[in-house]
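Worksheet: one structure, shown below.
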Amino acid sequence: MTKQDKVSVNDVYRLCNEKRWYTCGSNEEYEKMFQIIRDGKPLNEVAADIYEHSEIAKCGNLAIVLDELKKISVRQKTKNHDLAR
């Protein structure tokens, strides 16, 4: 992971709701996942936590979760770049 591969808590929350992921996690587990994001942990750790707390049939496999996180990371970088102009 590079320093730029970051996601926001809000973006991950929206992604999980949109994809119907993290349906097997409690509110406390959701908050722990958010803390992983706030701590700047690698995206693969965030993806693994989402995968662990999701119905496998809904998220496919871990690589799909990681790819979706990378997509929102790219959008975040693009948005921040546009704001800097």
Side-chain angles (χ1 to χ4, degrees):
M1 177 178 113
T2 64
K3 290 265 186 214
Q4 293 107 353
D5 287 336
K6 302 248 183 207
V7 290
S8 75
V9 168
N10 289 334
D11 286 344
V12 173
Y13 178 78
R14 278 192 292 276
L15 177 66
C16 288
N17 280 320
E18 174 187 306
K19 300 288 186 180
R20 292 184 176 27
W21 292 345
Y22 223 92
T23 56
C24 301
S26 67
N27 287 339
E28 292 82 16
E29 290 165 324
Y30 228 136
E31 185 54 42
K32 286 179 185 176
M33 187 259 296
F34 292 155
Q35 193 59 48
I36 291 170
I37 296 166
R38 288 184 200 106
D39 290 345
K41 301 286 184 176
L43 290 183
N44 62 327
E45 286 187 39
V46 179
D49 193 72
I50 292 169
Y51 185 75
E52 180 181 325
H53 294 95
S54 301
E55 293 180 36
I56 293 173
K58 288 191 177 173
C59 60
N61 63 47
L62 183 58
I64 291 170
V65 178
L66 185 56
D67 285 345
E68 290 294 328
L69 288 174
K70 287 179 179 178
K71 287 178 190 175
I72 64 173
S73 171
V74 169
R75 285 196 301 258
Q76 183 75 25
K77 285 188 266 188
T78 302
K79 185 177 6 174
N80 289 343
H81 178 73
D82 291 345
L83 291 175
R85 288 182 180 190

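All values reported here derive from a predicted model rather than from experimental measurement.
One distance of note links CG of L15 with CG of N10; it measures 12.5 Å at 0.5 Å rounding. Here the NZ-CD1 distance, from K19 to I50, works out to 11.5 Å after rounding to the nearest 0.5 Å. The line from CD1 of I36 to CE of M33 is 8.0 Å long, rounded to the nearest 0.5 Å.
The shortest non-hydrogen separation linking G40 to K6 is CA-NZ, 3.5 Å. Summarising the geometry of S54 relative to C24, their closest heavy-atom pair is C-SG, 4.0 Å, with the distance given to 0.1 Å. Between Y30 and Y13, the closest heavy-atom pair is OH-CD1, 3.9 Å. In terms of heavy atoms, L43 sits closest to S73 at CD1-CB, 4.2 Å.
With sequence neighbours left out, the side chain to side chain contact (heavy atoms under 4.5 Å, CB included) criterion links E31 to F34, R38. The side chain to side chain contact (heavy atoms under 4.5 Å, CB included) check on N61 picks up A63, I64, with sequence neighbours excluded. D67 pairs by the side chain to side chain contact (heavy atoms under 4.5 Å, CB included) definition with nothing, not counting sequence neighbours. Evaluation of the side-chain hydrogen bond (donor to acceptor under 3.5 Å, both in side chains) rule for D39 yields Q35 as partners, not counting sequence neighbours. By the ring-ring contact (aromatic ring centres under 6.0 Å, His included) test, Y51 pairs with no residue at all, sequence neighbours left out. Applying the side chain to side chain contact (heavy atoms under 4.5 Å, CB included) test to A47 and every residue at least two apart in sequence or in another chain returns L62, V65, L66, L69. The side-chain hydrogen bond (donor to acceptor under 3.5 Å, both in side chains) search around E18 returns none, not counting sequence neighbours.
Residues in residues 42-52 take part in no salt bridge (charged side-chain N to carboxylate O under 4.0 Å, His left out) pair, two or more places apart or across chains.
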Checklist entry - Checking side-chain contact (heavy atoms from CB on, under 4.5 Å) for the pair D11/R14: CA distance, chi angles, key distance, verdict? => result CA-CA 5 Å; D11 286 344; R14 278 192 292 276; 2.5 Å; yes
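Between E29 and K32 there is no salt bridge, since no side-chain N of the basic residue sits under 4.0 Å from a carboxylate O of the acidic one.
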